Amino acid sequence: MYKQYSTIREVAGPLMLVEGVSGVKYDELVIIEQSNGERRHGKVLEVEDNKALVQLFEGSQGLKISDAKAKFIGRSIVLDVAPDMLGRVFDGMGNPRDGAEPLIPHKRLNINGTPMNPTARDYPSEFIQTGISAIDGLNTLVRGQKLPVFSGSGLPHAQLAAQIARQAKVLGKDEKFAVVFAAVGITFEEADFFINDFRETGAIDRTVMFVNLANDPAIERIATPRMAITAAEYLAFDLGMHVLVIITDITNYAEALREVSAARKEVPGRRGYPGYLYTDLATMYERAGRLKDKQGSITLIPILSMPEDDLTHPIPDLTGYITEGQLILSRELNRRGITPPINVLPSLSRLKDKGIGRGKTREDHADTMNQLFAAYSQGKDAKELAVILGDAALTEIDKLYVKFADAFEEQYISQGFYTNRTIEETLDLGWKLLSILPRSELKRIRDEYLDKYYKAEEAAE
């Protein structure tokens, strides 16, 4: 039963005050009807005594409160879900934006979800192949993991997101795999790129897309990531699918949160963001994972652009605390035309050891990963030494490490946005690059693997 009130007393920016209400709940949806039949929507942000503070979705411009009625509909924002949502494109509120008919829902789910019981969680342990060597070989993504991408303005995180969505798959088993892609606060041009890319490559058939444009209301921006994760929960835990959720750009989400917080006159935290930013991000990120009694899983890749490339900015800083590692894009690598420009040394996947090895990738994966990290780091150090002291200061071994570092960046990291490498191709490429170095330098690899895979003659090719 709807509760309707004609007691709208005040409108300030995107906020509206309704007095004389009873039985109204936090987060409840509101329909504002004007005498000319125009409808606007909002949700309850705060309830105190008989007053309700409502956040308007469409803004307050042109709203005539003297003859408007506020109708409280008794529920919060829900998403209609059904198996045929795969292949569809929705807006940030779950309405179709692909010109097709609305879904016939099998369920209507509250987008805020329910917390995952920590004791019911299953530990992430299965390898997901993205086809990107810098991820698969060195910062492996594991099913059920939360692995964010830290980018900067102007860096190609959109192309990387599209590549992961296109190429990601689980090896070895014939299991149902889906991608939920949420674009938050992006331009029309970016939205067009994602939709066309997915359609042209056929990836759209296994993808659910939620697209929120930069000119859409801030409150829709806050709902979009939760729409995506709710869709993923349905696909994973109701339909038994393994779901990869990609959200870009979390920074736009946090900016919308700051806008709403400022309109409510809340006391700001670091850099003006609300003090509950950590909690708010955690309520989204922690919905990813695996459940012991369920077949499906949710793996989450949130992408965020760091203002001024600042790793200590509140958004990447708090995201790093909640998630299991990070992939960092490098402006310097991007300038040199290395794509995707993943800076592997500061990047980290805390669960990479759980998803590699015999039966998952290959028995030599862990050893070669450690050796590649060490050799690349040593090569970078040698290059810095050459800048200060000149090439004459380098030993013959130093020069080999410099050669390795250059080849590593040009062949291993740089593969373009449309090359899809298998894990075997990535591991074999790692061995080919390590053959630049003498066997005596490969101290992090066991002799049995050196005997099997190391081919010194490849260095001369």
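None of these values were measured; they are calculated from a predicted model. Below, each value reflects all heavy atoms present in this structure, side chains not excepted, and no hydrogens, waters or symmetry copies.
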Salt bridge check, Asp249 against Arg221: does any charged N sit closer than 4.0 Å to a carboxylate O?
no

Does any part of the side chain of Arg226, heavy atoms only, come nearer than 4.5 Å to the side chain of Arg287, both counted from C-beta?
yes

Validation row: Leu244, Phe177 side chains within 4.5 angstrom (heavy atoms)
yes

Nearest 0.5 Å, what's the CD-NE2 distance between Glu190 and His157?
6.5 Å

Keeping Glu220 on the side-chain end and Pro217 on the backbone end, is there a donor-acceptor pair under 3.5 Å?
no

Backbone N/O of Gly87 and side chain of Asp205: donor-acceptor pair under 3.5 Å:
no

Any Lys/Arg nitrogen of Asp428 or Arg362 sitting under 4.0 Å from an Asp/Glu carboxylate oxygen of the other?
yes

What I want to find out is whether Asp238 reaches Lys107 closely enough, with some N-O distance under 4.0 Å, to be called a salt bridge.
yes

Heavy-atom count check: over 12 atoms from other residues, nucleotides or ligands less than 6.0 Å from Lys71 NZ?
yes

When you compare the side chain of Ile229 with that of Glu233, does any pair of heavy atoms fall below 4.5 Å?
yes

In plain terms, say whether Glu38 and Lys64 are close enough for a salt bridge, that is, a side-chain N and a carboxylate O under 4.0 Å apart.
no

Taking Ile328's backbone N and O only, do any of them form a donor-acceptor pair with Ser347's side chain (distance below 3.5 Å, no angle check)?
yes

Between Tyr5 and Glu19, is there a side-chain heavy-atom distance shorter than 4.5 Å?
no

Would you please indicate if the ring centroids of Phe198 and Phe181 are separated by under 6.0 Å?
yes

Could you check whether Glu46 pairs with Lys51 (Lys NZ or Arg NE/NH1/NH2 to Asp/Glu carboxylate O, under 4.0 Å)?
no

Do Arg350 and Thr323 have side-chain N/O donor and acceptor atoms under 3.5 Å apart?
no

Keeping the roles fixed (side chain from Asp309, backbone from Gly152), state whether a donor-acceptor pair exists under 3.5 Å.
no

Carboxylate-amine/guanidinium contact Asp122 Lys292, below 4.0 Å:
no

State whether the side chain of Gln34 and the backbone N or O of Arg40 hold a donor-acceptor pair below 3.5 Å, judged by distance alone.
no

Give a yes-or-no answer on whether the side chains of Arg421 and Thr426 include a donor-acceptor pair shorter than 3.5 Å.
no

Taking the side chain as every heavy atom from C-beta outward, state whether Tyr273 and Leu318 have any pair of such atoms under 4.5 Å apart.
no

Regarding Asp197 and Tyr418, is there a side-chain donor-to-acceptor distance under 3.5 Å anywhere?
yes

Would you say that Asn212 contacts Met227 through its side chain, given a criterion of any heavy-atom pair below 4.5 Å between the two side chains?
no

Should we say atom CZ of Phe188 is surrounded by more than 12 heavy atoms from elsewhere, each under 6.0 Å from it?
no

Applying side-chain hydrogen bond (donor to acceptor under 3.5 Å, both in side chains) between Glu126 and each of Lys354, Lys360, Arg290, report the one that passes.
Arg290

Hey, is Arg335 close enough to Glu332 for a salt bridge, meaning N to O under 4.0 Å?
no

Any side-chain heavy atom of Gln415 within less than 4.5 Å of one from Pro340?
yes

Look at Arg271 together with Asp317 and state whether they make a salt bridge at an N to O cut-off of under 4.0 Å.
no

Do His106 and Met85 have side chains that get closer than 4.5 Å, going by heavy atoms?
no

